[in-house]
Amino acid sequence: MKEKIGLYIHIPFCKQKCIYCAFTSFCNENKNIEPYFNKLKQELNFHKKEIKNKVISSIFIGGGTPSFVDADFIYDLLCFIKANFNVQKNAEISIEGNPDSINTQKAIAWKKAGINRVSVGLQSIDDKTLQKLNRPHTKKDFVTAIKCLKEVGFTNINADILIGLFNQTPESIKRTIKFLSDQNLTHISSYGIMVEEGTPLHKLVKNKEIILPDEDKAVSLYNIAVNELKKHGYNRYEISNFCKSGFECKHNLNYWHRGEFLGVGLSAYSFLNKTHFENTKSLKEYLEKTYEKKNIERETSTTAKEEFIMLSLRLEEGLDIKKYNTLFHEDFLKRFAKQINKLEQSKLITFENNKMKITNFEVSNMIISEFF
Ligand SMILES: C[S@@+](CC[C@H](N)C(=O)[O-])C[C@H]1O[C@@H](n2cnc3c(N)ncnc32)[C@H](O)[C@@H]1O
Ligand code: SF4
(Lines give C-alpha, C1' and ligand atoms only; values in the text may rest on other atoms or scores of the structure.)
(Ligands and ions follow the chains in the order given, each with its own letter.)
Protein backbone atom coordinates (compact mmCIF):
# COMPACT_ATOMS: atom_id res chain seq x y z
CA MET A 1 0.00 0.00 0.00
CA LYS A 2 1.27 3.48 -0.86
CA GLU A 3 2.24 5.79 2.00
CA LYS A 4 -0.13 8.70 2.59
CA ILE A 5 0.97 12.34 2.68
CA GLY A 6 -0.70 15.72 3.15
CA LEU A 7 -0.11 18.57 0.70
CA TYR A 8 -0.12 22.19 1.90
CA ILE A 9 -0.26 25.01 -0.66
CA HIS A 10 0.47 28.54 0.54
CA ILE A 11 -1.28 31.45 -1.22
CA PRO A 12 0.33 34.64 0.13
CA PHE A 13 -2.10 37.27 -1.20
CA CYS A 14 -4.52 39.36 0.87
CA LYS A 15 -6.76 42.35 0.30
CA GLN A 16 -5.27 44.15 3.29
CA LYS A 17 -3.02 43.29 6.20
CA CYS A 18 -4.62 42.62 9.60
CA ILE A 19 -2.81 44.36 12.45
CA TYR A 20 -1.94 41.11 14.27
CA CYS A 21 -0.79 39.01 11.33
CA ALA A 22 2.81 37.82 10.99
CA PHE A 23 2.08 35.19 8.34
CA THR A 24 3.76 35.48 4.95
CA SER A 25 1.12 37.46 3.07
CA PHE A 26 1.09 40.58 0.92
CA CYS A 27 -1.41 43.12 -0.31
CA ASN A 28 -0.83 45.15 -3.51
CA GLU A 29 0.93 42.24 -5.21
CA ASN A 30 -1.95 41.29 -7.51
CA LYS A 31 0.25 41.49 -10.61
CA ASN A 32 2.24 38.59 -9.21
CA ILE A 33 -0.70 36.23 -8.66
CA GLU A 34 -0.45 34.58 -12.09
CA PRO A 35 3.37 34.20 -12.03
CA TYR A 36 3.05 32.79 -8.51
CA PHE A 37 0.64 30.05 -9.60
CA ASN A 38 2.99 29.17 -12.48
CA LYS A 39 5.84 28.91 -9.97
CA LEU A 40 3.75 26.64 -7.73
CA LYS A 41 3.42 24.20 -10.65
CA GLN A 42 7.19 24.33 -11.22
CA GLU A 43 7.80 23.64 -7.56
CA LEU A 44 5.34 20.73 -7.58
CA ASN A 45 7.21 19.28 -10.58
CA PHE A 46 10.44 19.58 -8.61
CA HIS A 47 9.01 17.33 -5.89
CA LYS A 48 7.35 14.89 -8.32
CA LYS A 49 10.00 12.16 -8.11
CA GLU A 50 10.15 12.38 -4.32
CA ILE A 51 6.43 11.73 -3.84
CA LYS A 52 5.64 9.58 -6.86
CA ASN A 53 5.20 6.49 -4.69
CA LYS A 54 2.99 8.25 -2.15
CA VAL A 55 -0.69 9.05 -2.21
CA ILE A 56 -1.99 12.52 -1.29
CA SER A 57 -4.76 11.97 1.25
CA SER A 58 -5.42 15.64 2.05
CA ILE A 59 -4.76 19.02 0.46
CA PHE A 60 -4.92 22.30 2.39
CA ILE A 61 -4.89 25.56 0.42
CA GLY A 62 -4.02 28.15 3.06
CA GLY A 63 -2.69 31.62 3.33
CA GLY A 64 -2.75 34.49 3.09
CA THR A 65 -6.23 34.50 1.64
CA PRO A 66 -6.77 31.88 -1.07
CA SER A 67 -10.35 33.16 -1.57
CA PHE A 68 -8.88 36.52 -2.61
CA VAL A 69 -7.48 35.14 -5.90
CA ASP A 70 -9.55 34.37 -8.98
CA ALA A 71 -11.06 30.89 -8.56
CA ASP A 72 -9.73 29.86 -12.00
CA PHE A 73 -6.20 29.79 -10.54
CA ILE A 74 -7.33 27.39 -7.81
CA TYR A 75 -9.30 25.23 -10.25
CA ASP A 76 -6.41 25.04 -12.70
CA LEU A 77 -3.89 24.20 -9.96
CA LEU A 78 -6.03 21.39 -8.52
CA CYS A 79 -6.55 19.95 -12.05
CA PHE A 80 -2.77 20.03 -12.51
CA ILE A 81 -2.22 18.22 -9.19
CA LYS A 82 -4.81 15.55 -9.95
CA ALA A 83 -3.33 14.98 -13.43
CA ASN A 84 0.26 14.68 -12.19
CA PHE A 85 0.09 13.17 -8.70
CA ASN A 86 -1.73 10.33 -6.92
CA VAL A 87 -4.58 12.03 -5.12
CA GLN A 88 -6.75 9.72 -3.00
CA LYS A 89 -10.30 9.47 -4.34
CA ASN A 90 -11.97 10.74 -1.17
CA ALA A 91 -9.14 13.14 -0.19
CA GLU A 92 -10.07 16.01 2.12
CA ILE A 93 -9.43 19.21 0.13
CA SER A 94 -9.70 22.41 2.19
CA ILE A 95 -9.44 26.06 1.24
CA GLU A 96 -9.13 29.12 3.51
CA GLY A 97 -11.09 32.25 2.81
CA ASN A 98 -12.18 35.58 4.16
CA PRO A 99 -15.92 36.36 4.20
CA ASP A 100 -15.69 39.38 1.84
CA SER A 101 -14.02 37.43 -0.97
CA ILE A 102 -16.25 34.34 -0.94
CA ASN A 103 -19.04 34.43 -3.52
CA THR A 104 -21.25 32.00 -5.45
CA GLN A 105 -19.11 32.02 -8.57
CA LYS A 106 -15.96 31.15 -6.58
CA ALA A 107 -17.77 28.55 -4.49
CA ILE A 108 -19.03 26.80 -7.66
CA ALA A 109 -15.52 26.70 -9.15
CA TRP A 110 -14.06 25.36 -5.86
CA LYS A 111 -16.70 22.62 -5.73
CA LYS A 112 -15.99 21.68 -9.36
CA ALA A 113 -12.28 21.51 -8.49
CA GLY A 114 -13.02 18.92 -5.79
CA ILE A 115 -12.74 21.15 -2.72
CA ASN A 116 -14.91 19.68 0.04
CA ARG A 117 -14.01 21.75 3.12
CA VAL A 118 -13.95 25.54 3.54
CA SER A 119 -12.35 27.39 6.45
CA VAL A 120 -13.65 30.93 6.87
CA GLY A 121 -11.82 33.54 8.95
CA LEU A 122 -14.38 35.34 11.11
CA GLN A 123 -12.23 36.25 14.17
CA SER A 124 -14.94 38.37 15.83
CA ILE A 125 -18.65 39.09 15.43
CA ASP A 126 -18.20 42.69 16.54
CA ASP A 127 -17.86 44.97 13.50
CA LYS A 128 -16.00 47.65 15.48
CA THR A 129 -13.41 45.07 16.61
CA LEU A 130 -13.07 43.78 13.04
CA GLN A 131 -12.45 47.33 11.86
CA LYS A 132 -9.85 47.94 14.54
CA LEU A 133 -8.08 44.71 13.53
CA ASN A 134 -8.14 45.97 9.90
CA ARG A 135 -10.18 42.97 8.81
CA PRO A 136 -11.71 43.52 5.36
CA HIS A 137 -15.21 42.27 6.30
CA THR A 138 -18.21 42.57 8.61
CA LYS A 139 -20.29 40.01 10.51
CA LYS A 140 -22.94 40.34 7.77
CA ASP A 141 -20.35 39.41 5.10
CA PHE A 142 -19.70 36.22 7.08
CA VAL A 143 -23.42 35.32 7.13
CA THR A 144 -23.62 35.93 3.37
CA ALA A 145 -20.49 33.84 2.72
CA ILE A 146 -21.78 30.87 4.75
CA LYS A 147 -25.18 31.07 3.01
CA CYS A 148 -23.55 31.05 -0.39
CA LEU A 149 -21.23 28.13 0.49
CA LYS A 150 -24.21 26.10 1.72
CA GLU A 151 -26.30 26.90 -1.36
CA VAL A 152 -23.50 25.56 -3.53
CA GLY A 153 -23.47 22.37 -1.46
CA PHE A 154 -20.57 22.71 0.99
CA THR A 155 -21.40 20.75 4.14
CA ASN A 156 -18.05 20.87 5.95
CA ILE A 157 -17.34 24.45 7.01
CA ASN A 158 -14.99 25.81 9.67
CA ALA A 159 -14.81 29.27 11.22
CA ASP A 160 -11.71 30.71 12.89
CA ILE A 161 -12.20 32.96 15.91
CA LEU A 162 -9.74 34.82 18.12
CA ILE A 163 -9.79 34.74 21.91
CA GLY A 164 -8.18 37.41 24.09
CA LEU A 165 -9.19 40.43 22.02
CA PHE A 166 -9.83 43.89 23.50
CA ASN A 167 -13.30 44.35 24.98
CA GLN A 168 -13.97 40.61 24.95
CA THR A 169 -16.16 39.52 27.85
CA PRO A 170 -17.67 36.19 28.93
CA GLU A 171 -20.97 37.42 27.45
CA SER A 172 -19.44 38.35 24.09
CA ILE A 173 -17.76 34.92 23.88
CA LYS A 174 -21.09 33.22 24.64
CA ARG A 175 -22.83 35.33 21.98
CA THR A 176 -20.10 34.43 19.44
CA ILE A 177 -20.37 30.68 20.04
CA LYS A 178 -24.19 30.81 19.94
CA PHE A 179 -24.00 32.73 16.66
CA LEU A 180 -21.61 30.15 15.15
CA SER A 181 -23.73 27.26 16.36
CA ASP A 182 -26.81 28.87 14.76
CA GLN A 183 -24.89 28.88 11.47
CA ASN A 184 -24.63 25.06 11.78
CA LEU A 185 -20.91 24.90 11.16
CA THR A 186 -19.10 21.58 11.51
CA HIS A 187 -15.81 22.90 12.90
CA ILE A 188 -14.55 25.87 14.92
CA SER A 189 -10.92 26.85 15.49
CA SER A 190 -10.46 29.12 18.45
CA TYR A 191 -7.00 30.69 18.67
CA GLY A 192 -5.62 32.78 21.50
CA ILE A 193 -4.36 36.03 19.94
CA MET A 194 -0.56 36.16 19.78
CA VAL A 195 1.16 39.52 19.83
CA GLU A 196 3.86 38.93 17.23
CA GLU A 197 6.91 41.14 17.06
CA GLY A 198 7.00 43.39 14.00
CA THR A 199 3.21 43.62 13.67
CA PRO A 200 1.27 46.88 14.18
CA LEU A 201 -0.50 45.18 17.11
CA HIS A 202 2.83 44.68 18.85
CA LYS A 203 3.55 48.40 18.62
CA LEU A 204 0.03 49.39 19.70
CA VAL A 205 0.17 47.10 22.74
CA LYS A 206 3.65 48.32 23.65
CA ASN A 207 2.46 51.96 23.47
CA LYS A 208 -0.64 51.05 25.50
CA GLU A 209 -2.86 52.24 22.64
CA ILE A 210 -4.46 48.79 22.70
CA ILE A 211 -4.96 46.99 26.00
CA LEU A 212 -5.45 43.25 25.73
CA PRO A 213 -6.74 41.09 28.59
CA ASP A 214 -3.95 39.88 30.89
CA GLU A 215 -2.96 36.21 30.86
CA ASP A 216 -5.35 35.14 33.63
CA LYS A 217 -8.29 36.84 31.96
CA ALA A 218 -7.35 35.40 28.56
CA VAL A 219 -7.23 31.89 30.07
CA SER A 220 -10.60 32.40 31.72
CA LEU A 221 -12.07 33.61 28.37
CA TYR A 222 -10.61 30.56 26.64
CA ASN A 223 -12.19 28.27 29.25
CA ILE A 224 -15.54 29.94 28.73
CA ALA A 225 -15.17 29.35 24.98
CA VAL A 226 -14.33 25.66 25.57
CA ASN A 227 -17.42 25.19 27.79
CA GLU A 228 -19.74 27.04 25.44
CA LEU A 229 -18.45 25.10 22.45
CA LYS A 230 -19.05 21.85 24.30
CA LYS A 231 -22.58 22.95 25.23
CA HIS A 232 -23.29 23.51 21.55
CA GLY A 233 -21.95 20.08 20.52
CA TYR A 234 -18.41 21.05 19.47
CA ASN A 235 -15.95 18.66 21.07
CA ARG A 236 -12.33 19.64 21.49
CA TYR A 237 -9.91 17.30 19.72
CA GLU A 238 -6.85 19.59 19.84
CA ILE A 239 -6.00 22.55 22.07
CA SER A 240 -7.52 25.07 19.65
CA ASN A 241 -9.78 22.89 17.51
CA PHE A 242 -13.39 21.84 18.06
CA CYS A 243 -15.81 19.95 15.85
CA LYS A 244 -19.07 18.10 15.52
CA SER A 245 -18.53 14.34 15.71
CA GLY A 246 -16.60 13.02 12.70
CA PHE A 247 -15.58 16.43 11.32
CA GLU A 248 -11.98 16.60 12.59
CA CYS A 249 -9.67 18.24 10.03
CA LYS A 250 -7.85 15.25 8.52
CA HIS A 251 -5.05 17.40 7.12
CA ASN A 252 -4.16 18.84 10.51
CA LEU A 253 -4.60 15.49 12.27
CA ASN A 254 -1.99 14.03 9.92
CA TYR A 255 0.33 16.86 10.95
CA TRP A 256 -0.29 16.31 14.68
CA HIS A 257 0.21 12.56 14.23
CA ARG A 258 3.58 13.32 12.63
CA GLY A 259 2.50 12.05 9.24
CA GLU A 260 4.44 13.19 6.20
CA PHE A 261 3.47 16.36 4.39
CA LEU A 262 4.76 18.44 1.52
CA GLY A 263 4.33 22.21 1.71
CA VAL A 264 4.62 24.26 -1.49
CA GLY A 265 4.70 28.01 -1.94
CA LEU A 266 6.20 30.83 0.09
CA SER A 267 7.33 29.98 3.63
CA ALA A 268 5.84 26.49 3.34
CA TYR A 269 7.30 23.83 5.57
CA SER A 270 7.65 20.11 4.78
CA PHE A 271 8.32 16.83 6.53
CA LEU A 272 9.20 14.11 4.03
CA ASN A 273 11.35 10.99 4.25
CA LYS A 274 12.48 11.86 7.81
CA THR A 275 13.66 15.28 6.65
CA HIS A 276 12.35 18.76 7.47
CA PHE A 277 12.82 21.58 4.97
CA GLU A 278 11.24 24.96 4.26
CA ASN A 279 10.83 27.52 1.51
CA THR A 280 11.93 31.12 1.22
CA LYS A 281 9.68 33.87 2.61
CA SER A 282 10.74 36.28 -0.16
CA LEU A 283 8.23 36.63 -2.99
CA LYS A 284 10.93 38.10 -5.26
CA GLU A 285 13.27 35.17 -4.65
CA TYR A 286 10.50 32.60 -5.09
CA LEU A 287 9.43 34.13 -8.40
CA GLU A 288 12.86 34.85 -9.84
CA LYS A 289 15.14 32.05 -8.69
CA THR A 290 15.12 28.38 -9.56
CA TYR A 291 13.38 26.52 -6.75
CA GLU A 292 15.56 25.05 -4.02
CA LYS A 293 14.85 23.46 -0.65
CA LYS A 294 16.03 25.55 2.32
CA ASN A 295 17.13 24.72 5.84
CA ILE A 296 17.17 20.99 5.21
CA GLU A 297 17.36 19.14 8.51
CA ARG A 298 17.46 15.41 8.81
CA GLU A 299 15.56 14.46 11.93
CA THR A 300 17.48 12.92 14.81
CA SER A 301 15.94 10.51 17.26
CA THR A 302 15.89 13.32 19.88
CA THR A 303 14.04 15.81 17.66
CA ALA A 304 11.65 13.07 16.52
CA LYS A 305 10.83 12.10 20.12
CA GLU A 306 10.39 15.72 21.19
CA GLU A 307 8.10 16.45 18.27
CA PHE A 308 6.09 13.27 18.92
CA ILE A 309 5.56 14.23 22.57
CA MET A 310 4.79 17.87 21.85
CA LEU A 311 2.30 17.20 19.04
CA SER A 312 0.56 14.24 20.75
CA LEU A 313 0.00 16.12 23.99
CA ARG A 314 -1.81 18.90 22.09
CA LEU A 315 -4.42 16.33 21.17
CA GLU A 316 -7.41 15.37 23.32
CA GLU A 317 -6.71 11.70 22.48
CA GLY A 318 -3.25 12.10 24.03
CA LEU A 319 0.05 10.31 23.55
CA ASP A 320 -0.07 6.73 22.31
CA ILE A 321 2.42 4.94 24.59
CA LYS A 322 2.55 1.76 22.49
CA LYS A 323 3.25 3.83 19.35
CA TYR A 324 6.05 5.72 21.13
CA ASN A 325 7.64 2.46 22.34
CA THR A 326 7.50 0.92 18.84
CA LEU A 327 8.77 4.02 17.04
CA PHE A 328 11.64 4.81 19.39
CA HIS A 329 12.51 1.37 20.78
CA GLU A 330 12.31 2.48 24.39
CA ASP A 331 9.80 2.20 27.20
CA PHE A 332 8.08 5.61 27.54
CA LEU A 333 6.87 4.92 31.09
CA LYS A 334 10.35 3.92 32.26
CA ARG A 335 12.19 6.64 30.35
CA PHE A 336 10.02 9.41 31.84
CA ALA A 337 9.10 7.75 35.16
CA LYS A 338 10.23 10.76 37.24
CA GLN A 339 8.31 13.33 35.21
CA ILE A 340 5.21 11.13 34.96
CA ASN A 341 5.16 10.53 38.69
CA LYS A 342 5.37 14.25 39.42
CA LEU A 343 2.68 15.20 36.89
CA GLU A 344 0.37 12.37 37.97
CA GLN A 345 0.63 13.43 41.61
CA SER A 346 -0.37 16.96 40.60
CA LYS A 347 -3.26 15.43 38.59
CA LEU A 348 -2.00 17.17 35.44
CA ILE A 349 -1.95 13.98 33.37
CA THR A 350 -4.14 10.92 33.22
CA PHE A 351 -3.95 7.48 31.54
CA GLU A 352 -6.65 5.83 29.49
CA ASN A 353 -6.39 2.90 27.05
CA ASN A 354 -2.61 3.03 26.97
CA LYS A 355 -2.66 6.74 26.19
CA MET A 356 -1.34 9.59 28.32
CA LYS A 357 -3.44 12.75 28.29
CA ILE A 358 -3.12 16.26 29.63
CA THR A 359 -5.97 17.08 32.05
CA ASN A 360 -5.49 20.83 31.97
CA PHE A 361 -4.69 22.45 28.62
CA GLU A 362 -4.21 25.85 30.32
CA VAL A 363 -0.79 24.68 31.47
CA SER A 364 0.01 22.48 28.48
CA ASN A 365 3.27 24.30 27.70
CA MET A 366 4.55 23.71 31.22
CA ILE A 367 3.53 20.03 31.12
CA ILE A 368 5.12 19.46 27.70
CA SER A 369 8.34 21.19 28.78
CA GLU A 370 8.72 18.63 31.60
CA PHE A 371 9.58 16.03 28.96
CA PHE A 372 12.42 17.99 27.31
C1 LIG B 1 -3.17 33.27 8.58
S2 LIG B 1 -4.88 33.24 8.58
C3 LIG B 1 -5.29 32.78 6.97
C4 LIG B 1 -6.78 32.78 6.70
C5 LIG B 1 -7.44 34.09 6.44
N6 LIG B 1 -6.64 34.98 5.71
C7 LIG B 1 -7.89 34.73 7.73
O8 LIG B 1 -7.38 35.77 8.07
O9 LIG B 1 -8.76 34.18 8.37
C10 LIG B 1 -5.30 31.77 9.46
C11 LIG B 1 -5.67 31.98 10.89
O12 LIG B 1 -4.54 32.28 11.63
C13 LIG B 1 -4.95 32.91 12.81
N14 LIG B 1 -3.98 33.96 13.18
C15 LIG B 1 -3.32 34.80 12.37
N16 LIG B 1 -2.53 35.63 13.11
C17 LIG B 1 -2.70 35.27 14.39
C18 LIG B 1 -2.18 35.75 15.65
N19 LIG B 1 -1.32 36.77 15.70
N20 LIG B 1 -2.59 35.13 16.78
C21 LIG B 1 -3.46 34.10 16.74
N22 LIG B 1 -3.99 33.63 15.61
C23 LIG B 1 -3.62 34.20 14.45
C24 LIG B 1 -6.32 33.53 12.56
O25 LIG B 1 -7.29 32.96 13.38
C26 LIG B 1 -6.60 33.14 11.13
O27 LIG B 1 -7.91 32.76 10.96
S1 SF4 C 1 -6.38 38.21 5.99
FE2 SF4 C 1 -5.47 36.46 7.10
S3 SF4 C 1 -3.48 36.11 6.16
FE4 SF4 C 1 -4.22 38.11 5.45
S5 SF4 C 1 -3.29 39.56 6.81
FE6 SF4 C 1 -5.27 39.04 7.70
S7 SF4 C 1 -4.86 37.30 9.09
FE8 SF4 C 1 -3.09 37.53 7.77
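Below, each value reflects all heavy atoms present in this structure, side chains not excepted, and no hydrogens, waters or symmetry copies.
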Working to the nearest 0.5 Å, report the span between CD1 of I125 and CG of L130. 9.5 Å
Suppose we screen for ring-ring contact (aromatic ring centres under 6.0 Å, His included). Which residues come up paired with Y36, at least two apart in sequence or across chains? F13, Y286
Please check if the number of heavy atoms outside D182 that lie under 6.0 Å from its CG is greater than 12. yes
Would K17 and S25 count as a side-chain hydrogen bond (donor to acceptor under 3.5 Å, both in side chains) here? Give the steps. CA-CA 8 Å; K17 194 85 190 170; S25 65; 2.6 Å; yes
With a cut-off of 6.0 Å (strictly less than), are more than 12 heavy atoms of other residues, nucleotides or ligands near NZ of K206? no
For F242, the ring-ring contact (aromatic ring centres under 6.0 Å, His included) test, sequence neighbours excluded, returns none
Please set out all donor-acceptor pairs under 3.5 angstrom arising from side-chain atoms of residues 192-204, sequence neighbours excluded.
from : atom 1 : to   : atom 2 : distance (Å)
T199 : OG1    : E196 : O      : 2.6
T199 : OG1    : H202 : N      : 3.3

Check whether more than 12 heavy atoms from other residues, nucleotides or ligands sit under 6.0 Å from atom CD of E34, and answer yes or no. no
So does E215 have more than 12 non-hydrogen atoms from other groups sitting under 6.0 Å from CD? no
Intermediate values then yes/no, salt bridge (charged side-chain N to carboxylate O under 4.0 Å, His left out), E171 and R175: CA-CA 6 Å; E171 286 64 41; R175 270 200 308 277; over 6 Å; no
May I ask you to establish whether K305 and Y324 are in a cation-pi arrangement, using a distance under 6.0 Å from NZ or CZ to the six-membered ring centre and at most 45° from the ring axis? no
Quiz question: by atom type and distance under 3.5 Å, do the side chains of E29 and N32 form a donor-acceptor pair? yes
Non-hydrogen side-chain atoms of I309 and F332 separated by less than 4.5 Å: yes
Stepwise, does the salt bridge (charged side-chain N to carboxylate O under 4.0 Å, His left out) test hold for E370 with K342? CA-CA 10 Å; E370 286 285 331; K342 181 177 155 196; 2.9 Å; yes
Within the structure provided, determine whether T65 and I11 are in side-chain contact (heavy-atom separation under 4.5 Å). no
Looking at F68, does the NZ or CZ of K15 lie under 6.0 angstrom from its six-membered ring centre and within 45 degrees of the ring axis? no
Going by heavy atoms in the side chains, are E299 and E306 under 4.5 Å from each other? no
Under a 4.5 Å cut-off applied to non-hydrogen side-chain atoms, are L266 and K281 in contact? no
Using a 4.5 Å cut-off on heavy atoms from C-beta on, say whether the side chain of I349 contacts that of T359. no
Is it the case that over 12 heavy atoms from other parts of the model lie below 6.0 angstrom from the NZ atom of K150? yes
If you count the non-hydrogen atoms of other residues, nucleotides and ligands that lie under 6.0 Å from NZ in K31, is the total more than 12? yes
According to the side-chain hydrogen bond (donor to acceptor under 3.5 Å, both in side chains) rule, which pairs have a member within residues 227-246, sequence neighbours left out? H187-Y237, S189-N241, Y222-R236, E228-K231, R236-E316, E238-N241, E238-R314
Under-4.0 Å salt bridge between K39 and E43: no
side-chain hydrogen bond (donor to acceptor under 3.5 Å, both in side chains) contacts touching residues 74-93 (sequence neighbours left out): K41-D76, K48-N84, Q88-N90
How many angstroms lie between SG in C243 and CD in E248, if you round to the nearest 0.5 Å? 4.0 Å
Do I340 and M356 make a side-chain contact, defined as non-hydrogen atoms from C-beta onward lying under 4.5 Å apart? yes
Test log, rule ring-ring contact (aromatic ring centres under 6.0 Å, His included), inputs H47 and Y291: CA-CA 10 Å; H47 297 292; Y291 174 79; 5.3 Å; yes
Flag side-chain contact, heavy atom, 4.5 Å: I95 against I74: yes
Got more than 12 heavy atoms from elsewhere within 6.0 Å of CG, N134? yes
Are E317 and K357 ion-paired here, with the side-chain N under 4.0 Å from a carboxylate O? no
Is it true that the NZ or CZ of K132 lies under 6.0 Å from the centre of F166's six-membered ring and within 45 degrees of the ring axis? yes
Show your reasoning for whether side-chain hydrogen bond (donor to acceptor under 3.5 Å, both in side chains) applies to Y255 and H257. CA-CA 5 Å; Y255 167 72; H257 286 149; over 6 Å; no
Using atom types as modelled, flag every donor-acceptor pair under 3.5 Å from a side chain in residues 113-124 to any protein atom, sequence neighbours excluded.
from : atom 1 : to   : atom 2 : distance (Å)
N116 : OD1    : I93  : N      : 2.7
N116 : ND2    : A91  : O      : 2.9
R117 : NH1    : S94  : OG     : 3.4
S119 : OG     : N158 : ND2    : 2.8
S124 : OG     : D126 : N      : 3.0

Please lay out, stage by stage, how H137 and F142 fare under the test ring-ring contact (aromatic ring centres under 6.0 Å, His included). CA-CA 8 Å; H137 61 88; F142 178 82; 7.8 Å; no
Check step by step if ring-ring contact (aromatic ring centres under 6.0 Å, His included) holds for F308 and F328. CA-CA 10 Å; F308 182 91; F328 303 115; 5.7 Å; yes
With a sphere of 6.0 Å drawn around NZ of K250, does it hold more than 12 non-hydrogen atoms of other residues, nucleotides or ligands? no
Going from CD1 on I61 to CD1 on I59, what distance comes out if it is rounded to the nearest 0.5 angstrom? 7.0 Å
Can a side-chain donor-acceptor contact be found between D141 and T138 if the only test is distance below 3.5 angstrom? yes
May I have the step-by-step check of salt bridge (charged side-chain N to carboxylate O under 4.0 Å, His left out) for R335 and D331, ending in yes or no? CA-CA 6 Å; R335 165 75 179 79; D331 186 328; over 6 Å; no
Are F371 and F336 close enough, and set up right, to give a ring-ring contact (aromatic ring centres under 6.0 Å, His included), and what steps lead you there? CA-CA 7 Å; F371 293 91; F336 294 105; 5.3 Å; yes
Would you tell me whether T186 and N156 have side-chain atoms, one donor and one acceptor, within less than 3.5 Å of each other? yes
